[in-house]
Amino acid sequence: MSDRFADQLLAWYDQHGRHNLPWHHNRNAYRVWVSEIMLQQTQVTTVIPYFKAFMASFPDVHALAAAPEDDVLSHWSGLGYYARARNLHKAAKQVVEEFGGEFPCDQEQLESLTGIGRSTAAAIIAQAFGKRATILDGNVKRVLARYHAVPGWPGQTQVLNTLWEHAETHTPDDRARDYTQAIMDLGAMVCTRSKPACDSCPISDGCAARAHNEVKLYPGSKPKKAKPEKTTWMLILEDGEGRILLERRPPSGIWGGLWSLPELDPAYGSEELQDACEKELGITCQDPDLISGFRHTFSHYHLHIQPARLPVIDVSGIADSDRHRWLHRDEALSLGLPAPIRTLLTEPEQTALL
DNA sequence: CACCCGTGGCT
DNA sequence: TAGCCAAGGGT
C-alpha cells in the first residue's frame, strides 16, 4: 500500500529530512541497533557524542560481546536508563551465540533479543535492511494522534492499538527506510510537542487536529502523579593519599551496575556519621565536612543527596574487591558513574563547604 | 495494567 | 521555577 500521506511525507523528506546523522554512515544492522537503543527516550543531540565514542570502542557486535560490562557501562555514563546498556551487552552475546554474529532480518527473532521491542525491531528491519516494517515511537505517536485526532493518552492500550493500526496503514511498500526516517523527522522537526510548524507541514491538508484547530489537544497527556522525595548521605571517604572509596551498585535497580559513593541512611545525624562509618563500613574517620546538598530528579522520584567528606584514618576495614575500590578522582571518573556523582567528583568546589 | 528505569532541554 | 517529556522496554 502507498497512500497520499506517505507520498507527501517522502517528498518533504527528500528536501528537508535529516540525511547526515552519524548512524546513517557505514550503515549496518549493528550501528542501527545501537543508535536505536541509545535514542530510546533520549534526544538526538544528546546521543550523537555517545554514539561516536561507543563505535570507536566497540566497532562491531563481536567487540561489544567480548567487552567487560564495566567498559560498556562507562560508555553509557550520563546517558541514563542503564538497563539499556546492560541489555545491549547481553543482546550482543545473544547475536554472537545464537545468530552467528549476524543480525536476523525478522521481527520475531529481533524481538527475542533483550532490549528490542516491537518498534525497535521494526526500525532495524526498515533502516538496516530496507524492508517494510512499521515503527511507532514518540514522534510517530504524536504525528498520528494529531493527523487522525486520536483522543487519549498513548500509554493506554486502546489508544496505542489505534495508533499502531494507523501506523500500519500508512507504511508504504516502497522506500521503507526513507519513510521510517521521514515520519520520525517530521515529528522531531515540524510536528513538535510544543509550537508545531503546521504552516510548513507537508501533510497539514489532511490533518484532523489542524482542521479543527485543536492541535494542542493531541496527543492526550499522561496522568500526573506526585514523585516521592527520598534522601541519602553520600560519603566521600578519602584516604591520606587522596584516594576515594567507590562502591558498585547492585546489578539491577536504580543506577544498576554503576560505580557510586557509599551511602548511609538519612536517619543518621551529621554528628553520627563518624560512628556510622565505623559501625557499618568498618572505617575509622575524622570529623566530616558537610558539602551543600542538592536534589536529583529521576523519572519517578526525587532524591536529595547530602554529601559528606570524611578523611579516613584507617583504611584497613575495606580492601579493593569486586564491590569496592579505592581510587584517585581521575581514575574514578573513567568508571561508569551516575551523572550527579560524576558532577560531585568533578566539581567539588561548586559545592561550598558549610 | 502499573510501575520501574536517567538525564537534560525546553517552556 | 517546576513540570513536562523525549527515537521504549522489562517485569
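If you're wondering where the values come from, they're calculated on a predicted model, not measured in any experiment. Values reported hereafter were calculated over all heavy atoms of this structure, with side chains retained and with hydrogens, waters and symmetry mates removed.
- No contact: V47(A) has no heavy atom under 4.0 Å from any strand.
- Nearer to the 5' terminus of DNA chain C, by closest-nucleotide assignment, is the contact made by V44(A) (compared with the other of L113(A) and V44(A)).
- H24(A) and Q127(A) share no donor-acceptor pair across their side chains, judged by distance under 3.5 Å alone.
- For T171(A) and R132(A), the side-chain atoms include no donor-acceptor pair closer than 3.5 Å.
- Legend: residues meeting side-chain hydrogen bond (donor to acceptor under 3.5 Å, both in side chains) with D14(A), ordered by chain and number and at least two apart, are R175(A).
- Ring pair H170(A)/Y147(A) is perpendicular by interplanar angle, where above 60° counts as perpendicular and below 30° as parallel.
- Nucleotides dG9(C) and dG9(B) have their C1' atoms positioned 23 Å apart, rounded to a whole Å.
- Contacts of T114(A) with the nucleic acid, taken as non-hydrogen atoms under 4.0 Å apart, involve only primed sugar atoms and P, OP1 or OP2.
- In this structure, F54(A) has its ring center closer than 6.0 angstrom to the ring center of F58(A).
- A salt bridge does not link E98(A) to K93(A): none of the charged side-chain nitrogens sits closer than 4.0 Å to a carboxylate oxygen.
- Of the residues near DNA chain B, S194(A) and Q158(A), the one whose nearest nucleotide (by heavy atom distance) lies more toward the 5' end is Q158(A).
- Side-chain contact, E36(A) with T120(A): no donor N or O sits under 3.5 Å from an acceptor N or O.
- dG6(B) and dC4(C): their C1' atoms are spaced 15 Å apart (whole Å).
- When heavy atoms are screened at a 4.0 angstrom cut-off, K224(A) is found touching the sugar-phosphate backbone but no base atom.
- Scanning residues 9-42 of chain A for heavy-atom distances under 4.0 Å to DNA chain B yields Q41(A), T42(A).
- Distance noted for atom C1' between dT1(C) and dG8(B): 16 Å (whole Å).
- Side-chain contact check for S260(A) and R248(A): no donor-acceptor pair (N or O, by modelled atom type) lies under 3.5 Å.
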Considering only distance and modelled atom types, tabulate donor-acceptor pairs under 3.5 Å from the side chains of residues 99-110 of chain A, sequence neighbours left out.
| from | atom 1 | to | atom 2 | distance (Å) |
| --- | --- | --- | --- | --- |
| D106(A) | OD2 | E108(A) | N | 3.1 |
| D106(A) | OD2 | Q109(A) | N | 2.8 |
| Q107(A) | NE2 | E111(A) | OE2 | 2.7 |
| Q107(A) | NE2 | R118(A) | O | 3.0 |

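- Across all strands, G253(A) comes closer than 4.0 Å only to sugar-phosphate atoms, never to a base (heavy-atom distances).
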With a cut-off of 3.5 Å and sequence neighbours excluded, list every side-chain donor-acceptor pair involving residues 234-243 of chain A.
| from | atom 1 | to | atom 2 | distance (Å) |
| --- | --- | --- | --- | --- |
| E238(A) | OE1 | R309(A) | NH1 | 3.3 |
| D239(A) | OD1 | E241(A) | N | 2.9 |
| D239(A) | OD1 | G242(A) | N | 3.1 |
| D239(A) | OD1 | R243(A) | N | 2.8 |
| D239(A) | OD2 | R243(A) | NE | 2.9 |
| D239(A) | OD2 | R243(A) | NH2 | 3.1 |

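- Heavy-atom contacts of chain A under 4.0 Å fall on DNA chain C between two terminal nucleotides, which in 5' to 3' order are dC4(C) to dG10(C).
- Along DNA chain B, the nucleotide nearest G80(A) and the nucleotide nearest G155(A) are compared for position; the residue whose nucleotide lies closer to the 5' end is G155(A).
- Under 3.5 Å, the side chains of R31(A) and N28(A) contain no donor-acceptor pair of N or O atoms.
- Bounding nucleotides for the chain A contact on DNA chain B, 5' to 3', at a heavy-atom distance below 4.0 Å, are dC1(B) to dT11(B).
- Between dC5(B) and dC5(C), the two C1' atoms lie 15 Å apart (nearest whole Å).
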